[in-house]
Amino acid sequence: MSATHLKQLCEETYTKLKKVSMELERFLNQVTLSGLVSASGDPEEFETYYRTYLSDLRHLLVYCENAYERLGVSLRRARFHEEFAEEVLYQVYHTCINNFYYPKGEVYEEDGRLAYTGQDCIIFRKQVVPELQQLTLSLSRVFEPMRNDLQYYETDYIAKKQMQNEKAQV
C-alpha cells in the first residue's frame, strides 16, 4: 500500500470515527437508563437489556475516541509514519469495528444476508426505542464502508507482520 493511499485511508477513517464518536456522545448525554426502560413499558424485561446496551455503547465510544485521537497524532506528525498508521488502523478494525458488530452484551447481531437486499443488517434482540434503533442503524451505515476499507487489517496485516518478524530473525 502506498504511503499516499495509507494517509488518505487514515484521514477517511479519522473523519468517520469522529462522526461516530460525536453521535454516540450526543446520544449518551441525552438518554438515561430509566428513560429507556420507562419508554419500553416492561421494566423487568428491559432494564438489564438497556443497561447492557448502554454499557456496550460507552465502551464503543471510548474505543472510537482513542482510535481517532491516535489517527490524529499520526496525521499531524511532520513526517507520516506508515508503520504507526498501519498499527492504528489494525486497532480500529479489531476494537471499533469488531465491537460494533459483535457487542459484548449481544444486544443485537448482524445478518450479513440482509446487506445484499439493501435492508439494514442489524437485528435487535428486543424491540428498542426508536432513538436507539436510529442511532444503531446510523452507526452501521458508517461502520460498513469502514469495515470494507479496512478489511486488509483483519488478517493480511498480521500475516505481513509475522513474515517480517521471521525475516528479521533469520
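The chain is numbered in sequence order, starting from 1.
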Side chains of [X] and [Y] in contact at under 4.5 Å (non-hydrogen atoms):
{"X": "Tyr153", "Y": "Glu86", "result": "yes"}
{"X": "Cys64", "Y": "Leu60", "result": "yes"}
{"X": "Val128", "Y": "Thr136", "result": "no"}
{"X": "Val37", "Y": "Thr32", "result": "no"}
{"X": "Gln30", "Y": "Arg26", "result": "yes"}
{"X": "Phe27", "Y": "Leu54", "result": "yes"}
{"X": "Val31", "Y": "Val129", "result": "no"}
{"X": "Glu25", "Y": "Glu65", "result": "yes"}

Taking every non-hydrogen atom, the tightest pair across [X] and [Y]:
{"X": "Tyr93", "Y": "Leu150", "answer": "CD1-O, 3.3 Å"}
{"X": "Arg58", "Y": "Leu28", "answer": "CG-CD1, 3.8 Å"}
{"X": "Asn99", "Y": "His94", "answer": "ND2-O, 4.3 Å"}
{"X": "Cys10", "Y": "Ala85", "answer": "SG-CB, 3.6 Å"}

How long is the span from the [atom1] atom in [X] to the [atom2] atom in [Y], to the nearest 0.5 Å?
{"X": "Glu144", "Y": "Ile97", "atom1": "CD", "atom2": "CD1", "value": "9.5 Å"}
{"X": "Ser55", "Y": "Leu33", "atom1": "OG", "atom2": "CG", "value": "11.0 Å"}
{"X": "Thr95", "Y": "Phe100", "atom1": "OG1", "atom2": "CZ", "value": "14.0 Å"}
{"X": "Ile122", "Y": "Asp111", "atom1": "CD1", "atom2": "CG", "value": "9.5 Å"}

Mind running side chain to side chain contact (heavy atoms under 4.5 Å, CB included) on Glu87 and Glu83 for me, showing each step along the way?
CA-CA 6 Å; Glu87 179 64 30; Glu83 191 173 320; 6.0 Å; no
What residue pairs, at least two apart or across chains, pass salt bridge (Lys or Arg N to Asp or Glu O under 4.0 Å) with a residue in residues 124-142?
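For residues 124-142, and leaving out neighbouring residues, the salt bridge (Lys or Arg N to Asp or Glu O under 4.0 Å) pairs sorted by first residue read Glu45-Lys126, Asp120-Arg141.
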Can you pull out every side-chain hydrogen bond (donor to acceptor under 3.5 Å, both in side chains) where at least one residue sits in residues 8-24? Sequence neighbours excluded, please.
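Listed once each, the pairs are Gln8-Glu12, Lys16-Asp149, Lys19-Glu23, Glu23-Ser138.
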Donor-acceptor contacts under 3.5 Å from residues 66-75 side chains, at least two apart:
unit_1 : atom_1 : unit_2 : atom_2 : d
Asn66  : ND2    : Val62  : O      : 3.4

With sequence neighbours excluded, tell me which residues meet side-chain contact (heavy atoms from CB on, under 4.5 Å) with Thr52.
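Checked Thr52 against side-chain contact (heavy atoms from CB on, under 4.5 Å); matches are Thr48, Asp56, Val107.
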Gln133 meets the side-chain hydrogen bond (donor to acceptor under 3.5 Å, both in side chains) criterion, sequence neighbours left out, with none
According to ring pair (Phe, Tyr, Trp, His ring centres under 6.0 Å), does anything in residues 70-89 pair up with another residue at least two apart or in another chain? List the pairs.
none
Give every residue pair that meets the ring pair (Phe, Tyr, Trp, His ring centres under 6.0 Å) criterion with at least one member in residues 40-61, sequence neighbours excluded.
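For residues 40-61: Phe46-Tyr50, Tyr49-Tyr53, Tyr53-Tyr108.
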Salt bridge or not for Arg147 and Glu110, using N-O below 4.0 Å?
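Judged by the 4.0 Å cut-off on N to carboxylate O distance, Arg147 and Glu110 do form a salt bridge.
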Path from Tyr63 to Met22 over hydrophobic side-chain contacts below 4.5 Å
no
